[in-house]
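To start, the structure itself, in structure tokens.
Chain identifiers are assigned alphabetically (A, B, ...) following the order of the sequence lines, protein sequences preceding nucleic acid strands; residue numbering begins at 1 within each chain. Every heavy atom of this structure was used, including side-chain atoms; hydrogens, water molecules and symmetry mates were not.
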Protein chains: 2
Amino acid sequence: MISQEKDSGNAATPDVPVRKSRAQPVTLREVAEAAGVSTATVSLVINKKKNARIAEQTRQRVKDAIRQLGYRPNAMAKTLVSGTSRFIGLVADGVATTPFAGQIIHGAQDEAWKHGYALLIANTEGNRDLETDAIAMMLEYKVRGILYSTWFHRPTVVPETLREADFVLVNCFSPEPGAARAVVPDEEQGGKSATEILLRGGHRRIAFINATTPAPARDGRLQGYKDALEAAGIPFDPELVLEAYPDQEGGYGATEELLKRNVAAVFCYNDRMAMGLYDGLRENGLSIPDDMAVVGFDNQEVIAAHLRPPLSTVSLPHYELGAAGVRMLLGLDEASNDSAVKIMCPAVERASVAVHSPA
Amino acid sequence: MISQEKDSGNAATPDVPVRKSRAQPVTLREVAEAAGVSTATVSLVINKKKNARIAEQTRQRVKDAIRQLGYRPNAMAKTLVSGTSRFIGLVADGVATTPFAGQIIHGAQDEAWKHGYALLIANTEGNRDLETDAIAMMLEYKVRGILYSTWFHRPTVVPETLREADFVLVNCFSPEPGAARAVVPDEEQGGKSATEILLRGGHRRIAFINATTPAPARDGRLQGYKDALEAAGIPFDPELVLEAYPDQEGGYGATEELLKRNVAAVFCYNDRMAMGLYDGLRENGLSIPDDMAVVGFDNQEVIAAHLRPPLSTVSLPHYELGAAGVRMLLGLDEASNDSAVKIMCPAVERASVAVHSPA
DNA sequence: TTGAAAGCGCTAACAT
DNA sequence: ATGTTAGCGCTTTCAA
């Protein structure tokens with residue numbers, strides 16, 4: 001009944017000893033014995049404590065023993081002593097749902113790793129119970145903090161248990177100001193940048209096909225569009241703002257209305273709408289960018305970069321959101337406490353807007 | 001110097017006590033004291049040990065104390081005792097690189113969670129050093145096992161340190177048979193299914209635009225194409241197999257060659273090529289599916305479901321790969337030891353192939 | 001420069 | 001039915 005052989009269940013060839021496989025892991029104590037020193041000493045050399053002076057000879061003996069035995073520190077024991085692990089939790093309501101949400105994981109992971117932290121992720125698919133469990137689990141594993149993220153930019157209510165940890169909201173924010181640190185994309189700047197691409201293309205009469213679905217993006221991008229026009233001294237014409245469901249079909253369906261507006265430039269709420277619009281325009285025998293200059297939003301690689309012609313758009317900074325979230329969590333970035341920190345959405349210019357030949 | 005106030009650094013309002021925030025976490029011992037029982041008893045009720053009979057009254061007292069104090073077990077201490085954590089590591093060479101690779105995380109996460117495990121992820125971007133570090137970290141945190149995954153299906157060499165853990169390869173495999181458990185997509189079945197969609201559409205002369213880039217997918221899908229033809233009693237005609245770089249441009253560029261083949265049905269190596277081909281066909285005034293029936297591969301949602309017409313294709317089972325990997329790791333699924341387990345690639349029929357009206 | 005020893009929070013015999 | 005106690009592997013005073 002002695003747990004001496006546990007884990008040996010999958011040796012491919014039972015009669016041959018498993019090479020360097022998981023038997024009982026080597027402990028610090030064993031290293032100490034092998035090196036003929038105390039565990040304290042081993043701990044000291046492992047952690048390279050600056051003050052503690054260890055004889056170079058001893059240090060070497062320890063290092064040799066470590067290598068020899070293939071010692072690996074037990075992070076659990078370490079964490080038990082210190083109280084907090086080198087984990088950062090990431091609770092997401094959908095890695096699945098959207099193709100680019102994965103980028104926030106990616107950004108968080110890279111940044112976390114850079115600071116010696118590993119990412120513990122939980123996909124909750126928006127299920128509150130699952131979410132609670134996930135947060136509980138993270139708390140139990142003594143995570144350094146938790147990133148709570150949503151797959152699209154939106155307001156959210158902070159789960160109660162989240163407050164037991166250090167946390168920051170990513171791609172979402174709490175409606176009550178000052179309630180939580182948060183990082184979100186700068187929709188206004190994005191909408192402005194998108195419009196400016198068209199402006200730089202020499203257009204002054206620019207339509208905007210907004211989404212019908214309420215969201216910070218809907219308001220923000222519209223505001224950005226207005227800001228850009230104003231900055232260019234162009235009066236805002238409500239007639240030029242259409243609305244459609246924000247997907248391919250929506251964009252396609254908006255074609256007719258758009259053509260009635262007698263414009264040669266349009267900013268679409270997102271790339272998928274632009275993709276649909278491409279089809280609609282084509283069916284009307286119109287060419288891009290000559291007959292119609294088009295700008296999207298999101299920079300969904302699969303779409304934007306590969307449409308014909310490639311779509312000029314504005315990038316949703318998912319990677320940066322993840323990274324900034326980690327930085328904010330670790331206190332490396334400033335976090336204004338009464339409003340979310342906004343991350344820039346950079347313009348990505350491709351061929352769907354012709355270069356301006358000044359009049 | 002007593003570490004009594006650690007973590008109090010971010011109370012928003014210093015003069016007001018932080019509500020239920022992280023002070024010193026409540027320990028099991030404190031619960032025991034509050035309930036007037038021993039720690040063993042508390043442990044017993046927490047873990048619902050079946051044999052140990054605890055007086056209902058006592059049990060209740062303990063539960064109350066737990067609730068009252070907001071006790072959370074320290075998973076680190078638990079793990080330290082038991083030797084292995086409830087973590088499963090996932091080492092990926094690119095969550096970033098491809099839009100659907102995230103699905104394998106998702107599948108792994110869901111399945112892991114289902115069995116009480118949490119996912120610890122590390123994105124290595126193919127960097128071997130990072131990879132080694134990531135594996136080391138996972139080992140140190142005593143993960144139950146490691147999923148080693150690649151973003152596209154390919155052979156891989158198993159990192160040495162990976163063998164220190166229980167592991168399974170996901171979406172990749174070791175060239176030397178029997179060296180590692182693995183789960184991969186069934187490319188041949190996929191290629192066959194894709195071709196069969198066209199066959200069912202009544203086509204007998206079917207072209208295949210394969211990739212120029214060597215990969216299991218390239219060989220497997222071609223084999224599947226051949227298999228399907230053979231099963232339908234159609235002789236294989238090498239003339240009908242073209243090759244192009246597997247992206248939009250490649251598909252677009254292949255249009256001309258394809259049209260020379262005088263076919264009305266084509267199976268494209270992937271959806272992106274199909275997307276490019278759509279453009280090429282359109283420019284030639286050809287319509288889909290009437291003039292040309294098209295089938296893709298991968299089922300990249302953003303593309304396939306929303307092209308005009310929606311693209312019939314075959315789905316790469318990333319989610320299933322992740323889930324199956326976890327199951328195999330936990331010994332829930334059979335793992336044939338000498339070859340990778342193949343996961344089916346289901347056909348997804350949409351409108352790019354017309355329904356067959358038998359002659 | 002190094003060692004001894006006291007825990008970190010929890011589980012699991014073994015007692016009672 | 002419940003309490004005592006000895007660790008799990010490590011860090012960290014405090015001594016030597």
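On the nucleic acid side, DNA chain C has its first and last nucleotide under 4.0 Å of a heavy atom of chain A at C:dT1 to C:dG9, going 5' to 3'.
Taking every heavy atom of residues 68-78 of chain B and every atom of DNA chain D, no pair lies under 4.0 Å. For DNA chain D, the residues of residues 28-44 of chain A within the heavy-atom distance limit of 4.0 Å (strictly under) are A:L28, A:A40, A:S43, sorted by number.
For the helix from C:dT1-D:dA16 to C:dT16-D:dA1, the axis fitted to the five pairs at one end and the axis fitted to the five pairs at the other end meet at an angle of 40° (nearest 10 degrees).
Residue pairs meeting the salt bridge (charged side-chain N to carboxylate O under 4.0 Å, His left out) criterion with at least one partner in residues 39-48 of chain A, sequence neighbours excluded, do not occur; the list is empty. Applying the ring pair (Phe, Tyr, Trp, His ring centres under 6.0 Å) definition to pairs two or more places apart or across chains, those involving residues 61-91 of chain A are A:F87-B:F87, A:F87-B:Y141.
The pair B:R128-B:D93 fails the salt-bridge criterion, with no side-chain N (NZ, NE, NH1 or NH2) lying under 4.0 Å from an Asp/Glu carboxylate O. Ion pairing between a basic and an acidic side chain is recognised when a charged N comes within 4.0 Å of a carboxylate O; A:R181 and A:E334 show no such pairing.
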B:T58 vs B:V37, side chain to side chain contact (heavy atoms under 4.5 Å, CB included): CA-CA, chis, key distance, verdict | CA-CA 8 Å; B:T58 313; B:V37 298; 3.7 Å; yes

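For B:D133, there are no salt bridge (charged side-chain N to carboxylate O under 4.0 Å, His left out) partners, not counting sequence neighbours. Among residues two or more places apart in sequence or in another chain, the salt bridge (charged side-chain N to carboxylate O under 4.0 Å, His left out) test is passed with A:R86 by none. A:Y117 pairs by the ring-ring contact (aromatic ring centres under 6.0 Å, His included) definition with nothing, not counting sequence neighbours. Residues satisfying the salt bridge (charged side-chain N to carboxylate O under 4.0 Å, His left out) test with B:E140, not counting sequence neighbours, are none. For B:E56, the salt bridge (charged side-chain N to carboxylate O under 4.0 Å, His left out) partners at least two apart in sequence or on another chain are B:R59. Checked against ring-ring contact (aromatic ring centres under 6.0 Å, His included), A:Y148 has no partners two or more places apart in sequence or in another chain.
A donor atom on one side chain and an acceptor atom on the other are not found under 3.5 Å apart for A:T79 and A:S82.
B:T58 comes within 4.0 angstrom of the backbone, heavy atoms only, and of no base.
Taking a 6.0 Å sphere around CD of B:Q68, one finds it holds 12 or fewer heavy atoms contributed by other residues, nucleotides or ligands.
Taking atom CG of residue A:N47 and atom C1' of nucleotide D:dT12, one finds them 11 Å apart after rounding to whole Å.
Position along DNA chain D of the nearest nucleotide to B:E56 versus B:L80 favours B:E56 as the more 5'-ward residue.
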